[in-house]
Amino acid sequence: MGRYVARRLLQMIPVFIGSTLLIFCMMYALPGDPVRAMMGDQAYDPTVVASIKKDLGLDQPLLQQYVHYMTNLFQGDFGTQIASQRPIADVIADAFPVTLRLTIFAFTFVSLVGIGLGIVAGLKPDTMRDRGLLGLTLVLVSMPSFVLGFLLQYLFAFQFEIMEPNVNDSTDWSQLLLPAIVLASLSLAYVARLTRTSIAENLRADYMRTAVAKGLPRRRVIGVHLMRNSLIPVVTFLGIEVGNLMTGAIVTEGIFNVRGIGVEIYEALTRREGATVVGIASLIVVIYLVTSLIVDLLYAVLDPRIRYA
């Protein structure tokens, strides 16, 4: 196990470098000039713009800028925003906990409700509740998140007046309920369908018939034999979905006025603040890699036949 973890950690290094390099190149290729955008519509002196770009290192070749940025990043320096002259580390420190709370709320909702619905439908396939789950998931998959967000905001905030339309206090979990449901809606549909399909398939497996023939209690047959094997693909999806929920929060945070990393990424893109985008993206890449490792290690817990040499 120790060798496997060490090997995976070493594999993360080229993946991290390749991902950040790709994002850095994409930001470099975007049209526009961040220094010129900082000045707005006012008249400017080209020599002043060139001097500022030289001070910021933006006149250097792409690879040289990337090496300089990564060197500072490994030293804990995320850089400074051009427009506000605010350290990017402070921007991330303020915005990341907000998105993290929203992601945890949405992930918990997806895990509990999605798996629960999938179990209920999978244990009784081809019944009314199974078809009802199919209809619900099709609606969630086909409905864009911004449509669902405005719809729930209109119903629960303006019609029924049981929730706030916007998030005024991101530390209040009750205010995060509505945006968390909107953020989790698409993932909920996938998790429910994946759980239902996995359980329905494993119900017909030979080991299930053997467990029933041996006279094992139904609770043990379902809770141990069926669930542990059925949850392997679900755990894989949920592990990847942690990062997807964080990156997918841009639309949700905009609808409910949540000042998280989604809003910061959007504003940084409009200002061509490449360092801010790359810094936040680098953090999300690390989260993707760590959750992927945790998911791989959970396989051995769910299925005792899986061992890592």
Side-chain angles (χ1 to χ4, degrees), residues 99-149 151-152 173 176-205 208 222-253 255-256 260 262 284 287-303 306:
T99 301
L100 184 61
R101 282 191 291 268
L102 182 60
T103 303
I104 291 175
F105 205 155
F107 183 80
T108 304
F109 182 79
V110 168
S111 301
L112 297 179
V113 179
I115 294 177
L117 291 176
I119 293 173
V120 170
L123 291 176
K124 296 291 184 180
D126 299 325
T127 59
M128 286 299 297
R129 61 187 184 187
D130 184 27
R131 296 187 182 94
L133 176 66
L134 175 61
L136 175 62
T137 54
L138 288 177
V139 170
L140 293 178
V141 169
S142 61
M143 184 176 295
S145 58
F146 64 89
V147 174
L148 181 62
L151 177 62
L152 294 183
W173 290 90
L176 293 177
L177 177 59
L178 203 57
I181 293 176
V182 175
L183 180 61
S185 59
L186 182 59
S187 302
L188 173 67
Y190 289 141
V191 169
R193 294 303 302 170
L194 185 60
T195 305
R196 180 265 173 199
T197 302
S198 183
I199 287 181
E201 290 179 354
N202 284 297
L203 274 175
R204 300 188 295 267
M208 287 295 296
I222 295 177
V224 177
H225 296 279
L226 179 61
M227 292 303 301
R228 290 179 68 174
N229 288 279
S230 300
L231 287 180
I232 290 178
V234 180
V235 169
T236 303
F237 180 83
L238 288 175
I240 301 174
E241 200 62 18
V242 173
N244 291 338
L245 289 174
M246 299 189 70
T247 55
I250 297 178
V251 176
T252 306
E253 290 180 359
I255 295 174
F256 295 97
I284 296 177
I287 294 174
Y288 265 111
L289 295 175
V290 172
T291 53
S292 177
L293 176 60
I294 294 174
V295 166
D296 288 346
L297 296 179
L298 283 176
Y299 286 161
V301 177
L302 294 173
D303 192 346
I306 299 177

J.: Enter the distance from L203:CG to S230:OG here, rounded to the nearest 0.5 Å.
T.: 7.0 Å
J.: Taking C-beta and beyond as the side chain, do T108 and S111 meet within less than 4.5 Å on heavy atoms?
T.: no
J.: If I take atom CD1 from residue I222 and atom CG from residue N202, how far apart are they, to the nearest 0.5 angstrom?
T.: 12.5 Å
J.: When rounded to the nearest 0.5 angstrom, what is the spacing between CZ in R101 and OG1 in T103?
T.: 11.0 Å
J.: Is there a side-chain contact between L176 and F256, using heavy atoms and a 4.5 Å cut-off?
T.: no
J.: Could you tell me whether the side chain of I115 reaches within less than 4.5 Å of the side chain of L231, counting heavy atoms only?
T.: yes
J.: Is it the case that the side chain of S142 and the backbone of V139 share a donor-acceptor pair, with hydrogens and angles ignored and the cut-off at 3.5 Å?
T.: yes
J.: Kindly indicate whether the side chain of V295, heavy atoms from C-beta on, has any atom under 4.5 Å from the side chain of I240.
T.: no
J.: If I compare all heavy atoms of G114 with all of V191, which pair ends up nearest, and what's the gap?
T.: C-CG1, 3.9 Å
J.: Please determine if D130 and K124 form a salt bridge, counting it only when a charged side-chain N lies under 4.0 Å from a carboxylate O.
T.: no
J.: How many angstroms lie between atom CG of L100 and atom CZ of F105, to the nearest 0.5 angstrom?
T.: 13.5 Å
J.: Any side-chain heavy atom of P179 sitting closer than 4.5 Å to one from I255?
T.: no
J.: Given S187 and L245, is the side chain to side chain contact (heavy atoms under 4.5 Å, CB included) satisfied, shown in steps?
T.: CA-CA 8 Å; S187 302; L245 289 174; 3.7 Å; yes
J.: Would you check, one step at a time, whether the test side chain to side chain contact (heavy atoms under 4.5 Å, CB included) holds for M227 with I199?
T.: CA-CA 7 Å; M227 292 303 301; I199 287 181; 4.1 Å; yes
J.: Could you tell me whether a side-chain N or O of T137 sits under 3.5 Å from a main-chain N or O of L134, the two making a donor and an acceptor?
T.: yes
J.: Flag the pair E253 / L102 as yes when at least one side-chain heavy-atom distance between them is below 4.5 Å, and no otherwise.
T.: yes
J.: Give, for atom CG of L188 and atom CG of L117, the distance between the pair rounded to the nearest 0.5 Å.
T.: 6.0 Å
J.: Which one of R204, R196, E201 satisfies the side-chain contact (heavy atoms from CB on, under 4.5 Å) criterion with P125?
T.: R196
J.: Take L226 and M208 through the side chain to side chain contact (heavy atoms under 4.5 Å, CB included) test and state the conclusion after the steps.
T.: CA-CA 7 Å; L226 179 61; M208 287 295 296; 3.9 Å; yes
J.: Can a donor-acceptor pair be found, under 3.5 Å and without considering hydrogens, that links the side chain of S185 to the backbone of V182?
T.: yes
J.: Nearest heavy-atom pair of L133 and A192: which atoms, and what distance?
T.: CD1-CB, 3.9 Å
J.: Atom CG in L183, atom CZ in F107: separation rounded to 0.5 Å?
T.: 12.0 Å
J.: Taking T291 for its side chain and Y288 for its backbone only, find out whether a donor-acceptor pair lies under 3.5 Å.
T.: yes
J.: Report yes if some heavy atom in the side chain of R129 is under 4.5 Å from a heavy atom in the side chain of V120; otherwise report no.
T.: yes
J.: Can you name the nearest heavy-atom pair linking P233 to S198, along with the distance?
T.: CG-OG, 3.8 Å
J.: Does some side-chain heavy atom of L186 sit less than 4.5 Å from a side-chain heavy atom of L140?
T.: no
